[in-house]
Amino acid sequence: MQLSALIFDVDGTLADTERDGHLPAFNAAFSDAGLPWDWDETLYGELLKVTGGKERIRHYCERFQPDYAMQPDFEDLVADLHQTKTRHYLALVEAGGIPLRPGVARLIDEARAAGLRLAIATTTTPENVSALLGASLAPGATSWYEVIAAGDVVPAKKPAPDIYRYALARLGLAADACLALEDSAAGLGASLGAGIPTVVTVNDYSRGQDFSGALAVLSDLGATNLADLRRWHLSGQPETPA
Ligand code: XBP
Ligand code: MG
């Protein structure tokens with residue numbers, strides 16, 4: 001099947017947003033709320049196994065702050081903390097603090113020049129996506145993406161396939177006409193669950209996770225071009241490591 005579209009994950013794939021953006025933003029939100037919680041990189045690596053910022057806060061409270069989780073307005077408190085966190089994250093991104101990972105901008109340029117359709121499938125919020133694309137890729141880059149499937153637009157987050165199925169439906173494409181780019185086992189589970197051939201670029205948080213079924217597992221896209229993606233997509237087989 002001809003390759004017609006690239007579907008990009010955001011966090012960890014387009015940029016290392018977790019370490020440099022989301023983690024400090026969560027901690028700033030806790031501090032604003034007067035909560036003595038300070039997630040370090042090790043704990044955050046564990047918490048990242050729960051996708052979705054609200055879900056992550058809820059999981060943390062249920063596991064480490066049970067008294068806080070038992071409050072009658074707990075869900076409202078989670079929503080408020082997440083709203084504050086998103087405000088801090090947007091400020092970090094808009095300040096230009098989060099560069100794209102190696103090769104990402106070049107690959108997007110190659111795909112656009114070749115007439116490939118582009119989409120996003122992410123657990124984060126749409127406003128976070130637009131801010132990152134506008135600040136780190138190019139002003140107006142959001143318009144390069146036909147579909148931005150993000151956050152709560154689907155009931156179940158990665159590794160559920162919902163967000164990728166949503167993107168396919170909006171693209172009107174079959175799964176095997178697309179190629180997904182992911183960074184984590186949860187993301188790969190979601191894209192493969194939707195039947196989409198997938199290339200993984202690992203990062204410090206996802207290194208060592210199980211990427212069985214990926215067409216290729218790379219350290220980054222710095223040495224990868226569109227011809228590589230087309231070759232892997234055509235073969236349909238995982239590339240044997242060099
Ligand atoms: C990674 C996630 C997101 C971010 C936090 O998303 O799981 O929840 O960690 O963003 P991706 P929010 O699918 O792009 O890898 O707080 O907006 O959820
Ligand atoms: Mg990701």
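Nothing fancy with the numbering, it's 1 onward along the sequence.
- Linking ILVMFWY side-chain heavy atoms closer than 4.5 Å, directly or via other members, places Leu90 and Val10 in two distinct hydrophobic clusters.
- Taking 4.5 Å as the limit, every side-chain heavy atom of His88 sits out of range of all side-chain heavy atoms of Lys85.
- The distance between the ring centers of Tyr68 and Trp37 falls below 6.0 angstrom.
- Using a 4.5 Å cut-off between side-chain heavy atoms of Ile, Leu, Val, Met, Phe, Trp and Tyr, with links allowed through other members, Leu3 and Ile196 fall into different hydrophobic clusters.
- Taking 4.5 Å as the limit, every side-chain heavy atom of Arg165 sits out of range of all side-chain heavy atoms of Val154.
- Taking all atoms of both residues into account, the shortest heavy-atom contact from Leu92 to Ala25 is CD1-N, 4.4 Å.
- Although no hydrogens or angles enter the test, the distance criterion places no donor-acceptor pair under 3.5 Å between the side chain of Asp183 and the main chain of Thr201.
- Checking side-chain atoms of Ser191 against main-chain N and O of Thr198 turns up no donor-acceptor pair under 3.5 Å.
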message: Set out, in order, the CA-CA distance, both residues' side-chain angles and the distance that settles side chain to side chain donor-acceptor pair (under 3.5 Å) for Ser206 and Ser184, then state yes or no.
response: CA-CA 5 Å; Ser206 67; Ser184 66; over 6 Å; no
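- Atom-to-atom distance recorded for Glu110:CD and Leu226:CG is 5.5 Å, nearest 0.5 angstrom.
- In this structure, the side chains of Leu218 and Thr224 come closer than 4.5 Å at one or more pairs of heavy atoms.
- A donor-acceptor contact shorter than 3.5 Å links the side chain of Thr86 to the backbone of His82.
- Residue Ile7 is not grouped with residue Leu215 when hydrophobic side chains (ILVMFWY) are merged at heavy-atom distances under 4.5 angstrom, including chains of intermediate members.
- Here the closest non-hydrogen pair linking Ala15 and Leu100 is CB-CA, 4.1 Å.
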- request: Before giving the answer on side-chain contact (heavy atoms from CB on, under 4.5 Å), spell out for Phe30 and Trp39 the whole-Å C-alpha distance, their side-chain angles and the decisive distance to 0.1 Å.
  value: CA-CA 9 Å; Phe30 301 146; Trp39 293 353; 3.4 Å; yes
task: Evaluate the side-chain contact (heavy atoms from CB on, under 4.5 Å) criterion for residues Val129 and Thr142: first the C-alpha distance (whole Å), next the side-chain angles of each, then the deciding distance (0.1 Å), finally the verdict.
output: CA-CA 8 Å; Val129 179; Thr142 304; over 6 Å; no
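- No donor-acceptor pair under 3.5 Å is formed between the side chain of Lys158 and the backbone N or O of Leu188.
- Between the side chain of Asp76 and the backbone N or O of Asp73, no donor-acceptor pair lies under 3.5 Å.
- To the nearest 0.5 angstrom, Asp20 atom CG is 9.0 Å from Leu23 atom CG.
- Applying the side-chain contact (heavy atoms from CB on, under 4.5 Å) rule to Arg87 yields the partners Asp32, Thr84; only residues at least two apart in sequence or on another chain are considered.
- Counting heavy atoms from C-beta outward, Ile98 and Asp16 have side chains that stay 4.5 Å or more apart.
- The closest donor-acceptor contact from the side chain of Arg56 to the backbone of Val50 lies under 3.5 Å.
- Arg101 contributes a side-chain N or O that, together with a main-chain N or O of Gly12, makes up a donor-acceptor pair within less than 3.5 Å.
- Taking CG from Leu6 and NE2 from His233, the interatomic distance works out to 9.5 Å, rounded to the nearest 0.5 Å.
- A chain of hydrophobic side-chain contacts below 4.5 Å, direct or via other Ile, Leu, Val, Met, Phe, Trp or Tyr residues, connects Leu81 to Leu47.
- Using a distance-only test at 3.5 Å, with no hydrogens or angles considered, no donor-acceptor pair links the side chain of His59 to the main chain of Lys54.
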task: For side-chain contact (heavy atoms from CB on, under 4.5 Å), just list the numbers for Cys178 and Leu168, CA-CA rounded to whole Å, side-chain angles, deciding distance to a tenth of an Å, and then say yes or no.
output: CA-CA 9 Å; Cys178 303; Leu168 288 175; 3.6 Å; yes
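- Atom CG in Leu35 sits 11.0 Å away from atom CG in Asn27 (nearest 0.5 Å).
- The nearest pair of heavy atoms linking Ala175 to Gly195 is CB-O, 3.3 Å.
- In this structure, Pro161 and Gly193 approach most closely via the heavy-atom pair CB-C, 3.6 Å.
- Asp228 has its side chain within reach of Asn225: a pair of non-hydrogen atoms, C-beta onward, lies under 4.5 Å apart.
- Here the side chains of Ile163 and Val153 are in contact, with some heavy-atom distance below 4.5 Å.
- Thr17 and Asp11 are linked by a side-chain donor-acceptor pair at a separation below 3.5 angstrom, with hydrogens and angles left out of the test.
- Side-chain atoms of Asp220 and Asn203, non-hydrogen and from C-beta on, never get closer than 4.5 Å to each other.
- In this structure, Ala190 and Ala160 approach most closely via the heavy-atom pair CB-O, 3.3 Å.
- To the nearest 0.5 Å, atoms CD1 (Ile120) and CD (Glu146) are separated by 12.5 Å.
- In this structure, Tyr205 OH and Glu18 CD are separated by 7.5 Å, a value rounded to the nearest 0.5 Å.
- Sorted pairs that involve residues 116-171 and meet ring pair (Phe, Tyr, Trp, His ring centres under 6.0 Å), not counting sequence neighbours, are lacking altogether.
- Between Leu14 and Phe8, the closest side-chain pair of non-hydrogen atoms falls below 4.5 Å.
- Without hydrogens or angle criteria, Glu182 side chain to Val200 main chain gives no donor-acceptor distance under 3.5 Å.
- Leu132 and Leu107 fall within a single hydrophobic cluster, where Ile, Leu, Val, Met, Phe, Trp and Tyr are joined by side-chain heavy atoms under 4.5 Å apart, directly or via other members.
- Atom CD of Gln83 has 12 or fewer neighbouring heavy atoms from other residues, nucleotides or ligands inside a 6.0 Å radius.
- Sequence neighbours left out, the pairs with a member in residues 119-130 that pass side-chain hydrogen bond (donor to acceptor under 3.5 Å, both in side chains) are Thr124-Asn128, Thr125-Asn128.
- The shortest non-hydrogen separation linking Leu133 to Ala141 is O-CB, 3.8 Å.
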- prompt: How far apart are the C-alpha atoms of Arg19 and Asp204, what are their side-chain angles, what is the distance that settles it, and do they pass the side-chain contact (heavy atoms from CB on, under 4.5 Å) test?
  reply: CA-CA 9 Å; Arg19 184 196 54 221; Asp204 293 344; 3.6 Å; yes
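- Judged by distance alone, with hydrogens and angles left aside, the side-chain atoms of Ser143 form a donor-acceptor pair with the main-chain N or O of Gly140 at under 3.5 Å.
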